[in-house]
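Everything numeric in this text was worked out from a predicted model, so none of it was measured. In what follows, chains carry the letters A, B, and so on, assigned in the order in which the sequence lines appear, proteins first and then strands, with residues in each chain numbered from 1.
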There are 2 protein chains.
Amino acid sequence: MVTLAEVARHAGVSSSTVSYVISGKRTISGATRQRVEQAISELGYHPNAGARALAGKRSHIIALVVPLRTDVYVPIMMEIAISVTMAARQYGYDVLLITNDEGPEGVRRVAASGLADGVILMDVELEDERIPVLRALNTHAALIGLPEDSTGLSCVDHDFFAAGASCADHLADLGHRDVAFIGYGSAVYQRHAGYAERTLAGFRDRAATRGLRILHRPCEGTYESTAGAFSRILADRPATTGFVVQNEGAIGPLMSLLRTAGRIVPEDASVVALCPEPLAEQYSPRLTAVTGPAQELGRRAVDLLMQRIDGKEPQEVTLLTPVLTVRESSGPAPLHL
Amino acid sequence: MVTLAEVARHAGVSSSTVSYVISGKRTISGATRQRVEQAISELGYHPNAGARALAGKRSHIIALVVPLRTDVYVPIMMEIAISVTMAARQYGYDVLLITNDEGPEGVRRVAASGLADGVILMDVELEDERIPVLRALNTHAALIGLPEDSTGLSCVDHDFFAAGASCADHLADLGHRDVAFIGYGSAVYQRHAGYAERTLAGFRDRAATRGLRILHRPCEGTYESTAGAFSRILADRPATTGFVVQNEGAIGPLMSLLRTAGRIVPEDASVVALCPEPLAEQYSPRLTAVTGPAQELGRRAVDLLMQRIDGKEPQEVTLLTPVLTVRESSGPAPLHL
DNA sequence: TTGTATGCGTTATCAC
DNA sequence: GTGATAACGCATACAA
């Protein structure tokens, strides 16, 4: 293994000079810089990570805590994880993957050992049990998701309230009067997942303003569950012409069910999905959908975390505005109803 | 920050004793062990990762290199990543996430710096450019996927050949004679992705043995592409009654297309998917499918890597047998054709 | 069974 | 602009 000292000898300078050439924390004459850089590449020197962490009190690693639960659309989790990793690399940081089966202990472990300089929490719940650990250890952190009490924490999330509201707006604009909201399974609402509640709240709120009559039906995301929700909607409100879906698993079944029921989309019924773009594009007809910028979420979390590691105190809550993209699944409310 | 020395003072022993209590590399009397362990928990001691790595020449970190490409079913990638992480934890290891946008350099970086003690490569291609780096640095590694030349490397993969063969067998057993294989986009075959080629080879091979007439159609996984493949299949071989799909994105469209074409599944046509269980369960009717054990893949890769880190030389290639689960989408070939 | 002492490779302080 | 050198916190060879 090539060490700093060997590089120094090879270049005929002291090891501290080599160190400073690398870190750039000292002004170095062009000549020595040349020789040092040449020695580095000739010997194929790579600074030892452990030694650097020990001496520099900075591991240049951040931990990313990912959920095990799968009611989150997995590709989006992955997209966020990857964007976090790539953003971190731009700061010279690497990313350690922590699964939530370790629970709050995982956070404590990597923070207390100095393995990670900071932590990014994904899928943060309203009363997240990892947050007390963060606070107790005074760990640098950024949260993806919005907890109940975000005091002193940096959080990024989609603006789900706005997302829900824009669905209501869009359907109201198209003249729909009776609209159904097919959401996540009731377990999701029972554990007060912020994203589910906030979307629904935004939808309800705007629906009231716009004078929509709405129906909310939880749904497990299976075909059966969707079929159940669908038939109850038709039974309770036969005049329903607008559907908002926030459960990825329910989209396919819903489209089939509408077809089977003889309701042509978008002529007889409009569908607005709250889902990632690739999903929306995948159906036929392509879905009008509200989508939040997933990669941006990861990037911003890293930016915030890096600020904190650098001793700054960035803003507490950042909400990223989702975009409603009109595609082929929504249209004017049918007149004949 | 609590250090070993502080714990030692608190417990009234030397720091090496504390170290040995933790590592278990020395026999310690019950009494001192007690006192040390108490001191550790009282002070909330966590060994410093950097110092440990420096002194022990072992970071207790492995790197997991994940692909950026998304033609792999993403949830499975995630499942593997998570199983790798959990398996690694059992060995006291953490997992560093490396995205493939760094290319082979990423592998070099983490290996040469001693950041990671070993590397797990996901989505290995036949001529993978990361492999030369592995060989040059003599990095401990385990590959998920099968490269052209696996000499001296430890690889785990699904037995795709067997997977393809079992699809042919199943349909032949049911009396089908004309079977179509809807695969990945032609780009996947052109870059000689091992999994695609081996599945097709296994399918072809067994189909020949069983006297099936087959048709292979690449498919991009969109609705349009699937519709195109489907109509060409019906045009070229109207008597086709069996469908094998290896493209997750094509499954939904195919089911719709069959329904639209008036072919009831499984009475008029049988569908066998090569896909993860959750996907197979999600459709209506539920799909007969061949599924490889994804988590097992991750676990095994970690096991192999740990053996190598411990100086052993485990077997080169491990192929995990997939399982064909009969569900509702396959049945006897229709007699009237 | 336990203690002492050295070294791991880097960063950063102090001196020149 | 550059060079010594003292930490950094732990593991381990060597002593006792």
Considering just the side-chain nitrogens and oxygens of [X], establish if one lies under 4.0 Å of OP1 or OP2 belonging to [N].
X	N	result
B:S15	C:dG3	no
A:K25	C:dA12	yes
A:T17	D:dG3	yes
A:Y20	D:dA4	no
B:S14	C:dT2	no

Can you check the [X] [atom1] to [N] [atom2] distance for me, whole Å?
X	N	atom1	atom2	answer
A:K57	D:dA6	NZ	P	17 Å
B:M1	D:dG9	CE	P	6 Å
A:H46	C:dT10	NE2	C1'	16 Å
A:L54	D:dC8	CG	C1'	4 Å
A:N48	C:dT11	CG	C1'	13 Å
A:R9	D:dA4	CZ	C1'	16 Å
B:E6	D:dC10	CD	C1'	13 Å
A:I22	C:dA12	CD1	C1'	14 Å

Under 4.0 Å, counting only non-hydrogen atoms across every strand here, what does [X] touch: a base, just sugar-phosphate, or nothing?
X	answer
B:S16	base
A:I28	sugar-phosphate
B:S19	base

Minimum-distance pair of heavy atoms, taken over all atoms of [X] and [Y]:
X	Y	answer
B:A111	B:L137	CB-CD1, 4.0 Å
B:M122	B:R130	O-NH2, 3.2 Å
A:Q315	A:S154	O-OG, 3.6 Å

Any ion pair linking [Y] and [X] (charged N to carboxylate O, less than 4.0 Å)?
X	Y	value
A:E6	A:R9	no
A:R299	A:E296	no
A:D94	B:R109	yes

Where the side chain of [X] is concerned, which of [options] is the nearest nucleotide?
X	options	value
A:S29	C:dT2, C:dG9, D:dT2	D:dT2
A:R26	D:dA13, D:dG3, D:dA11	D:dG3
A:L4	C:dT10, D:dA13, D:dC10	C:dT10
A:T32	C:dT11, D:dC8, D:dT2	D:dT2
B:A55	D:dC8, D:dG9, C:dT1	D:dG9

